[in-house]
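Some notes on the structure that comes next.
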Amino acid sequence: MSSKVRVRFAPSPTGGLHLGGVRTVLYNYLFARHHGGEFVLRIEDTDQSRYVPGAEEYIYETLEWCGLVPDESPLKGGPYGPYRQSERKPMYRPYAERLVAAGQAYYAFDTPEELDAMRSELRTDANPNPQYDGQVRARMRNSLSLPPDEVQRLLDAGTPHVVRIKMPPGETVTLTDMIRGDVSFDTSTVDDKVLLKADGMPTYHLAVVVDDHLMKITHAFRGEEWLPSAPVHILLWRYLFGEDAMPQWAHLPLILGPSGKLSKRDGARYGFPVFAANWTDPKSNELTEGFRERGFLPEAFVNLLALLGWNDGTDQELFSLEELVERFSIQKVHKGGAQFNFEKAQWFNHEWIKRSSPARLLPEVKALFQSKGWDTKDDAFLETVIGLVKERCTLLADFVPQAGFFFEQPSSYDSASFIAKWTPEKAAFFERLADTFGQEPDVADADREAAFKSAAEAAAIKPGELQLPLRVMLVGGKFGPPVFTIAGLLGGAETAARIRKALAAIG
RNA sequence: GCCGCGUUCGUCUAAGGGCUAGGACACCUCCCUUUCACGGAGGCGAUACGGGUUCGAAUCCCGUACGCGGUACCA
């Protein structure tokens, strides 16, 4: 028996990939890589009515951005393809038939209208959601309640039908979850789930079991919302391939929003992204914002997601993907849901921008500057600028206001802080300073600072009272790196020009 | 309703029977800095409740409350 770890991420292409989804991939990926195993991407598109064009491509793009590239996928192929369930359609029916033949499943001919009628008839306050269980089964139209010749007649006539699992009465099914330990279910409380739909497509229940078996999946992680249907999957494994061959399960806790389960609405309502990357619904044209476009580094996004429901037991919070792979342990994943906090998410990004080299930041920042129409030809200059302002940037977009003055002259001046103490003497000082700087285009920062100080002394003005005005003249406001560093990068001529322009504006 | 899962500072979490329950985000104070940040030092702040078991419980057991999930020919 092979001990090679194989995990899979199986999203449905219905649009976007929210935090919970990306975290599920992440944990799959980390587990696989930690154990030197394989990571498989399988697309669950058995519900064609919910399929959204472009959603599958969006998933690939998102995974690539995060650095979570699968070993096998519909794009790349692999030994267990196809990896798109719609392309595997013919593979599922034989398993359903096998279950029927063994008496573990049955044909049901009930129309949607008949099911609706049953539910509204049986619905009471004490039972708001009637199940298709042992009792109900007997009064519906299926191969267990109908006489055999009638069943055969319906089948021969091509009557639309589904295959349902026959839940055994009064059995206890136990799942050993890697995170939660033993979880038990009474089969009497689980209804006869549909396995194969009338269109011949499998439901999720049949598809996961068959595909996980055929693709030799050894460990399966999914959201906590799947826990209630675990007994169906366990029974299917027992009937079809043997419980011993079943992957080990782990049900991940949910990611919560400020009020309950995190939803797309939360993003719009509280002003933070909930998707990894921007997603525009092709039908409604509705845009849901992504972390990428909001200015997050993928390193930070992956880091914050990993820590939302897991940690290694130490105080360390900043991890690269490589470190996460090394430290990850599924047993350390929490049981309880975690509320997403955007403030903390931004802290992670700020930390990653600070610890990233200017060279690492260059592509993203360059693209940003290009979109502003700034001159981005000189990479060395850009890297210097990035190194100077990165600790002031929480989101990538912050590089625009923080570094814009290196590319454009200020269009307004935040002079409120010094205008009250402005004097003709100070104005005269700056006139002279502009002349001096203008004549010496290239001197060292320290020399320029020394020249500034001695000029101030000569004018009998405290340098401290002149430094802030100089800063505002050069950058427009009270922010930015050391002022003489800025002057040095701008050059003597440009510095002089900015002083003169500001003087004219201030008056 | 029924079934299942969960519950440590406002939030993310550490501590898996034993020191004053630790760290981070946010918030507040101070220091550094003649800008904004970075950085540094402090402060505020939690074991949902009630019973057990034990010399000793955040930790183990039972109950209650609250929260969440599921209950589709959706995943």
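Throughout, a chain's letter reflects where its sequence line sits, starting with A, and its residues are numbered from 1.
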Practice prompt. Quote, to the nearest angstrom, the P distance that separates B/C36 from B/G70.
Written response: 49 Å
request  = Indicate, yes or no, whether a donor-acceptor pair under 3.5 Å links the base of B/A24 to the side chain of A/K344.
outcome  = yes
| task | Could you tell me whether A/H161 and A/Y106 have their ring centroids closer than 6.0 angstrom? | result | no
_Considering every strand and a 4.0 Å limit on heavy-atom distances, what is the contact class for A/N341: base, sugar-phosphate, or nothing?_
sugar-phosphate
Give the ring-plane orientation class for A/F272 versus A/Y270, where under 30° counts as parallel, over 60° as perpendicular and anything between as tilted.
-> parallel
Under a 3.5 Å limit on both distances, the Watson-Crick or wobble mate of B/A21 is none
Does A/P482 reach a base, just sugar-phosphate, or nothing at all? Heavy atoms under 4.0 Å. base
salt_bridge(A/D191, A/K193) N-O dist < 4.0 Å:
yes
Discussion item. Is the distance from the ring center of A/F418 to that of A/W422 below 6.0 Å?
Written reply: yes
Check: A/S145 and A/N142: side-chain donor and acceptor closer than 3.5 Å?
Finding: yes
As its Watson-Crick or G-U partner within any shown strand, both distances under 3.5 Å, B/A72 has none
In terms of heavy-atom contacts, A/I330 and A/I179 come closest through O-CG1, 3.8 Å
- prompt: Does a distance-only test, which skips hydrogens and angles, find a donor-acceptor pair under 3.5 Å between the side chain of A/R392 and the base of B/C36?
  reply: yes
- Below 6.0 angstrom between ring centroids: does that apply to A/F9 and A/Y27? no
Legend entry - Nearest-Å distance once atom P is located in both B/A75 and B/A15: 38 Å
Under a 4.0 Å heavy-atom cutoff, the residues of residues 110-124 of chain A touching RNA chain B are A/D110, A/P112, A/L115, A/R119
Closest of B/C73, B/C12, B/G6 to the A/L308 side chain is B/C12
Within residues 467-476 of chain A, the residues having a heavy atom closer than 4.0 Å to RNA chain B are A/L468, A/R471
Hits for salt bridge (Lys or Arg N to Asp or Glu O under 4.0 Å) against A/K344, two or more places apart or cross-chain, chain-then-number order -> A/E317
Side-chain contact check for A/E317: nearest option of B/G1, B/G4, B/G23 is B/G23
Exercise for the section: Using the C1' atoms only, state how far B/A46 lies from B/U59, rounded to an integer number of Å. Expected result: 15 Å
Salt-bridge contact A/E224-A/R180 (side-chain N to carboxylate O under 4.0 Å)
yes
Note to self: Over all strands shown, is A/G480 touching base, sugar-phosphate only, or nothing at heavy-atom distances under 4.0 angstrom?
What the structure shows: base
Stacked cation flag A/R448 on A/F437, 6.0 angstrom / 45 deg:
yes
- Establish, yes or no, whether a centroid distance under 6.0 Å links the rings of A/W279 and A/Y58. yes
Closest to the side chain of A/A338, out of B/C12, B/U35, B/C3, is B/C12
Discussion item. When the C1' atoms of B/A57 and B/G18 are compared, how many Å lie between them, rounded to an integer?
Written reply: 10 Å
Could you go through residues 470-482 of chain A and list every donor-acceptor pair under 3.5 Å that involves a side-chain atom there, pairing it with any protein atom two or more places apart or in another chain?
from   : atom 1 : to     : atom 2 : distance (Å)
A/R471 : NH1    : A/F479 : O      : 2.6
A/R471 : NH1    : A/G480 : O      : 3.4
A/R471 : NH1    : A/P481 : O      : 3.1
A/R471 : NH2    : A/P481 : O      : 2.8

Taking a pair to mean Watson-Crick or G-U wobble geometry with both distances below 3.5 Å, B/C60 pairs with B/G52
Comparing A/E343 with A/L196, nearest RNA chain B nucleotide closer to 5' gives the residue A/E343
Exercise for review: In plain terms, say whether A/E351 and A/R355 are close enough for a salt bridge, that is, a side-chain N and a carboxylate O under 4.0 Å apart.
Suggested key: no
Across all chains, not counting sequence neighbours, the ring pair (Phe, Tyr, Trp, His ring centres under 6.0 Å) partners of A/Y132 are none
message: Using a strict threshold of under 4.0 Å (side-chain N to carboxylate O), is an ion pair present between A/E457 and A/K453?
response: no
Residues in residues 345-353 of chain A with a heavy atom under 4.0 Å of RNA chain B, by number, are A/W347, A/H350
Below 4.0 Å: OP1/OP2 of B/A14 and any side-chain N or O of A/H334: yes
A/Y204 has its side chain closest, among B/U13, B/A75, B/U11, to B/A75
Sequence neighbours excluded, the answer for salt bridge (Lys or Arg N to Asp or Glu O under 4.0 Å) partners of A/R139 is A/E121
What does the list of N/O pairs under 3.5 Å between the protein and nucleotides 58-69 of chain B look like, with a distance for each?
none

Regarding B/C28, purine or pyrimidine glycosidic angle vs 90° from 0 gives anti
Residues of residues 46-58 of chain A with a heavy atom under 4.0 Å from any atom of RNA chain B, listed by number, are A/T46, A/D47, A/R50
message: Using a 4.0 Å heavy-atom cut-off, does A/V190 contact any base of the nucleic acid, only the sugar-phosphate backbone, or nothing at all?
response: nothing
- How is A/K462 classified with respect to the nucleic acid when contacts are heavy atoms under 4.0 Å: base, sugar-phosphate, or nothing? nothing
- prompt: If you look at every strand shown and take non-hydrogen atoms under 4.0 Å, does A/S184 touch a base, only sugar-phosphate, or nothing?
  reply: sugar-phosphate
Checking N1-N3 plus N6-O4 or O6-N4 for Watson-Crick, or N1-O2 and O6-N3 for wobble, each under 3.5 Å, the partner of B/A26 is none
Of the listed B/G6, B/A75, B/U11, the closest approach to the A/K197 side chain comes from B/A75
- request: Look only at the side chain of A/R50 and the backbone of A/T14, and say whether a donor-acceptor pair between them is shorter than 3.5 Å.
  value: no
note: A/I255, atom CD1; B/G6, atom P; distance rounded to Å ~ 18 Å
- Message: What contact category does A/K453 fall into here, base, sugar-phosphate, or nothing, at under 4.0 angstrom with non-hydrogen atoms?
- Response: nothing
Using nucleotides 28-33 of chain B, report all nitrogen or oxygen pairs with the protein that are shorter than 3.5 Å.
none

*asked:* Closer than 4.0 angstrom, basic N to acidic O: yes or no for A/E299 and A/R360?
replied: yes
Nearest heavy-atom contact between A/R294 and A/P273 is NH1-CD, 3.7 Å
Applying ring pair (Phe, Tyr, Trp, His ring centres under 6.0 Å) to A/F399 and not counting sequence neighbours gives none
- [ ] Identify whether any heavy atom of A/P481 sits under 4.0 Å from a base atom; if not, whether one sits that close to sugar-phosphate; answer base, sugar-phosphate or nothing.
- [x] base
B/C66 -> Watson-Crick or G-U wobble partner, both distances under 3.5 Å, gives B/G6
Original post:
Base, sugar-phosphate, or nothing for A/V194, non-hydrogen atoms under 4.0 angstrom?
Top reply: sugar-phosphate
message = Run the side chain to side chain donor-acceptor pair (under 3.5 Å) test on A/D45 and A/S86 for me, step by step, so that the C-alpha distance in whole Å, both residues' side-chain angles and the decisive distance to 0.1 Å come before the verdict.
response = CA-CA 6 Å; A/D45 58 348; A/S86 58; 2.7 Å; yes
### Message
What contact category does A/G309 fall into here, base, sugar-phosphate, or nothing, at under 4.0 angstrom with non-hydrogen atoms?
### Response
sugar-phosphate
Taking for A/P463 and for A/D186 the nucleotide of RNA chain B with the nearest heavy atom, the one nearer the 5' end belongs to A/D186
To the nearest angstrom, the CZ-P distance between A/F484 and B/U35 comes to 13 Å
For A/F301, the ring pair (Phe, Tyr, Trp, His ring centres under 6.0 Å) test, sequence neighbours excluded, returns A/W65, A/F291
